[in-house]
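In what follows, chains are A, B, ... by sequence order, proteins preceding strands, each numbered from 1.
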Amino acid sequence: MTVRVRLAPSPTGPLHIGTARTAVFNWLYARRNKGRFLLRIEDTDKERSKPEFTRNILEGLRWLGIDWDEEPVVQSARGALHRQAIADLLASGKAYRCYCSEAELEAMRNARKAAGQPPRYDNRHRHLTADQEAAFQREGREAVVRFAIDDSEEIHWHDLVRGPMAWSGRDLGGDMVIARRCPADSIGDPLYNLVVVLDDAFMDISHVIRGEDHIANTAKQLLLYRALGLKAPSFAHTPLILNRDGRKLSKRDGVTSISDFQAMGYTAEAIGNYMGLLGWSPPQGMGERFTLVEASRHFDFDRVNRAGARFDWDKLNWINGQVLHGQSSTALRAQLEPLWRQAGFTLAADPAWLDRLTGLISPSLTLLKDGVDQARPFLTTPEPDQAARDHLASEGCRAALRLLLEGLPDRFDDAAVRALLGQVAKAAGVSRGVLMKGVRAALLGSLQGPDLMASWALLSQRGEDRGRLLGAID
RNA sequence: GCCCCCAUCGUCUAGAGGCCUAGGACACCUCCCUUUCACGGAGGCGGCAGGGGUUCGAAUCCCCUUGGGGGUACCA
């Protein structure tokens, strides 16, 4: 059987990390099984759906390296088909019109709650006589369409992640609404559970891979598949991504959209790697660092965990650092350059020099944007911070720098400069450490940073060292 | 309330009855490298929620308890 999976985001917000992780699992499964990964834009919530969100979602997926194999299906374009299916269900008696008002339903729920029973619809309009219906219509009452669910119904499926699953019809909340309220002579907007079934069948989806928050929906949808005479796909319910408090990660948890992570300087590779690690574990010997393409050679549900996974910034940061550190200076420089320009740095014409600078600061990067602050003292004239100023003002420091300047060779030479450093420290009566720190303060305006000799060499190549040393002593 | 799911170091996880004195990664701590900060290297701290079974033997199987999560929409 050909594997056909899909991601069905609703464009009511930017691509969310949870949706992206679902996308990753679907994509991984499709690629692993030489199947197809499809997209369906669920834009039937007209109020909240926005084209810019669709764009954001598509761009985010592309950025992550998640490609799709067919033109995305747009759900709103299939409304007529959905309504026809509802009409058929109505005609066959599997669905019916319910004329209950919001207030009635509300009262029903409250009464059951008060009686210590689960709130649910009591199916009171399931068997209305023609006279009763006519009476409601004369009153001008609008109706929703409900799909009948018998209490005696026992629903079973084999979940690819969780194994055998069972659900009872009586726990589904009563006959389910499949079309919104509207005048009783027509059919209102088709609702989620019905539409998903219709569209998944239309797209010939073989495996539905989604978060475990959909488990109850699966029970309802299975009933719909049967009523509609459609073949049900296999289901895999993945664990949820949890926030710091162990609850389902939501938009309210701060940074949760892929575009935000991107803007913060996370690499697509790191995000993909980390999402692959949340809920799935690579086979022994594979290690924790992998690209999605690598993971796609091994992905299977037997290594998908059942418990939710807490989102851990520390781990993500570590992975991102690893990705950055593993990049060639040239590749990294290419990504840094736009950020440097954005920061207003004037870049040297010599890309080789920028490559060397990148190589120097690379190990201290966690996020791409860290490269801005790290490169700043090299690409602009630094303003010494308090600690640097204090050190320069310390006993004998400036005198030693003056002495150093006098002996500095025209052409920077590592060995010669090291030797000179020793001589000068001795002559000036300061420790080598004090001198070195002084040089660092003068050159870079800070007491901490990358390797001093390498930094110095870099600056001297741009003819920047002498002036900075001079500037520090007067 | 009701239904469902889940349960190994602080976090992510390995573990499919003896290989477990429970392994790895992140975080944390110590040391090494180093003028400094990082990076890197070497160590360390730290866990099978509890109770019953089953078995010669249980982190692994079963039951109960506890805890956590999800769902209970005329959203998706």
Requested in this report: Scan A:Glu142 against the nucleic acid and name what it touches under 4.0 Å (heavy atoms): base, sugar-phosphate only, or nothing.
Outcome: nothing
Query raised in the report: To the side chain of A:Lys437, which of B:rC26, B:rU35, B:rG71 is closest?
Result: B:rU35
Query raised in the report: If the P atom of B:rG52 is compared with that of B:rA42, how far apart are they to the nearest Å?
Result: 43 Å
Query raised in the report: Are A:Arg97 and A:Tyr99 in a cation-pi setup, meaning NZ or CZ lies under 6.0 angstrom from the ring centre and within 45 degrees of the ring axis?
Result: no
Query raised in the report: Expressed in angstrom and rounded to an integer, what is the separation of A:Lys248 atom NZ from B:rC4 atom P?
Result: 19 Å
Query raised in the report: Would A:His325 pass as stacked on B:rG40, i.e. its ring centre under 5.5 Å from the base's six-membered ring centre and planes under 30° apart?
Result: no
Requested in this report: Sugar-phosphate atoms are those with a prime plus P, OP1 and OP2; base atoms are the rest. Using that split, label each nucleotide of nucleotides 5-23 of chain B B, S or - for protein heavy atoms under 4.0 Å, 5' to 3'.
Outcome: SSS---SSSSS--------
Query raised in the report: Starting at the 5' end of RNA chain B and moving along, which residue's nearest nucleotide shows up first, A:Pro118 or A:Ala179?
Result: A:Pro118
Query - Interatomic distance where CG belongs to A:Leu444 and C1' belongs to B:rU35 [whole Å] - result: 13 Å
Query raised in the report: Do the charged groups of A:Arg48 and A:Asp45 touch, with an N to O distance under 4.0 Å?
Result: yes
Report summary line: Closest non-hydrogen atoms of A:Leu64 and A:Gly272, given as atom of the first, atom of the second and distance, are CD2-N, 4.3 Å
Query raised in the report: Is a salt bridge present between A:Arg389 and A:Asp385, judged by a nitrogen-to-oxygen distance below 4.0 Å?
Result: no
Query - Residues A:Arg83 and A:Asp189 bridged, charged N to O under 4.0 Å - result: yes
Requested in this report: Give a yes-or-no answer on whether the side chains of A:His207 and A:Asn26 include a donor-acceptor pair shorter than 3.5 Å.
Outcome: no
Query raised in the report: Hey, mind stepping through A:Glu383 and A:Arg376 against salt bridge (Lys or Arg N to Asp or Glu O under 4.0 Å) and telling me if it holds?
Result: CA-CA 10 Å; A:Glu383 187 59 39; A:Arg376 177 169 280 116; over 6 Å; no
**Report entry** Parallel, tilted or perpendicular, as decided by the 30° and 60° cut-offs, for the rings of A:His237 and A:Phe235
**Finding:** parallel
Protein-nucleotides 42-49 of chain B N/O pairs closer than 3.5 Å?
none

Requested in this report: Verify the distance criterion only: is there a donor paired with an acceptor across the side chains of A:Ser10 and A:Thr12 at less than 3.5 Å?
Outcome: yes
Query - Spacing of the C1' atoms in B:rG69 and B:rU30 (rounded, Å) - result: 38 Å
Query raised in the report: To the nearest Å, how far apart are A:Asp45 CG and B:rA73 P?
Result: 17 Å
Requested in this report: With heavy atoms under 4.0 Å as the rule, sort A:Leu447 into base, sugar-phosphate or nothing.
Outcome: base
Report task. Quick one: label A:Val144 by what it contacts on the DNA or RNA (base, sugar-phosphate, nothing), any heavy atom closer than 4.0 Å. Result -> base
Query - Nucleotide opposite B:rU11 in a Watson-Crick or G-U pair, distances under 3.5 Å - result: B:rA25
Report task. Could you check whether the rings of A:Trp456 and A:Phe412 sit parallel, tilted or perpendicular, using 30° and 60° as the cut-offs? Result -> tilted
Query raised in the report: Do we see a donor-acceptor contact under 3.5 Å between the side chains of A:Tyr266 and A:Asn317?
Result: yes
Query raised in the report: Distance check: side-chain N/O of A:Arg247 vs OP1/OP2 of B:rG69, anything under 4.0 Å?
Result: yes
Query raised in the report: Which base sits across from B:rC48 as a Watson-Crick or G-U pair, both distances under 3.5 Å?
Result: none
Requested in this report: Mind checking A:Gly433 for me? I need base, sugar-phosphate or nothing, with any heavy atom below 4.0 Å counting as a touch.
Outcome: nothing
Query raised in the report: Under 3.5 Å, is there a donor-acceptor pair between the A:Asn273 and A:Arg289 side chains?
Result: yes
Query - Watson-Crick or G-U counterpart of B:rU72, or none if no pair lies under 3.5 Å - result: B:rG1
Report task. Can you tell me which residue pairs pass the salt bridge (Lys or Arg N to Asp or Glu O under 4.0 Å) test with a partner in residues 438-454 of chain A, sequence neighbours excluded? Result -> none
**Report entry** P spacing across the pair B:rC61 / B:rG24, given as an integer number of angstrom
**Finding:** 23 Å
Query - Interatomic distance, A:His82 NE2 vs B:rA76 C1' [rounded to whole Å] - result: 13 Å
Query raised in the report: Which value, in whole Å, describes the distance between the C1' atoms of nucleotides B:rG10 and B:rA49?
Result: 16 Å
Report task. Send over the distance from A:Asn243 CG to B:rG70 C1', rounded to a whole Å. Result -> 13 Å
Report summary line: In whole angstroms, the gap separating C1' of B:rC75 from NE2 of A:His214 amounts to 11 Å
Report task. Classify the side chain of A:Arg432 versus the base of B:rU35 as yes if they form a donor-acceptor pair under 3.5 Å and no if they do not. Result -> no
**Report entry** Rounded interatomic separation in angstrom, taking CD from A:Gln221 and P from B:rA76
**Finding:** 12 Å
Requested in this report: Using Watson-Crick or G-U wobble geometry with both distances below 3.5 Å, tell me the partner of B:rC20, or none.
Outcome: none
Report task. Please work out which of the three classes, parallel, tilted or perpendicular, describes the rings of A:Phe290 and A:Trp280, given edges at 30° and 60°. Result -> perpendicular
Query raised in the report: What residue pairs, at least two apart or across chains, pass salt bridge (Lys or Arg N to Asp or Glu O under 4.0 Å) with a residue in residues 104-125 of chain A?
Result: A:Glu104-A:Arg124, A:Glu104-A:Arg141, A:Glu106-A:Arg109, A:Arg120-A:Asp151, A:Asp122-A:Arg124
Report task. Considering only atom C1', compute the distance from B:rC62 to B:rC45 and round it to an integer number of Å. Result -> 36 Å
Requested in this report: Take A:Gln322 and A:Ala8, find for each the nucleotide of RNA chain B with the closest heavy atom, and name the residue whose nucleotide sits nearer the 5' end.
Outcome: A:Gln322
Each nucleotide N or O in nucleotides 31-34 of chain B that has a protein N or O under 3.5 Å away: list the pair and distance.
none

Requested in this report: Look at all strands and tell whether A:Pro450 reaches a base, only sugar-phosphate, or nothing, counting heavy atoms closer than 4.0 Å.
Outcome: base
**Report entry** Residues from residues 360-377 of chain A lying under 4.0 Å of RNA chain B - heavy atoms
**Finding:** A:Pro363, A:Ser364
Query raised in the report: Between B:rA7 and B:rG44, how far is it from one P atom to the other, in whole Å?
Result: 30 Å
Query - P atoms of B:rA14 and B:rC6, separation to the nearest Å - result: 15 Å
Query raised in the report: Would you say B:rU72 has OP1 or OP2 under 4.0 Å from some side-chain N or O of A:Arg109?
Result: no
Query raised in the report: Expressed in angstrom and rounded to an integer, what is the separation of A:His16 atom NE2 from B:rA76 atom P?
Result: 18 Å
Requested in this report: May I ask you to establish whether A:Arg78 and A:Phe202 are in a cation-pi arrangement, using a distance under 6.0 Å from NZ or CZ to the six-membered ring centre and at most 45° from the ring axis?
Outcome: yes
Query raised in the report: Can A:Asp390 and A:Gln386 be counted as having a side-chain donor-acceptor contact under 3.5 angstrom?
Result: yes
Report task. Using the P atom on both, measure B:rU65 against B:rC5 and round to a whole Å. Result -> 15 Å
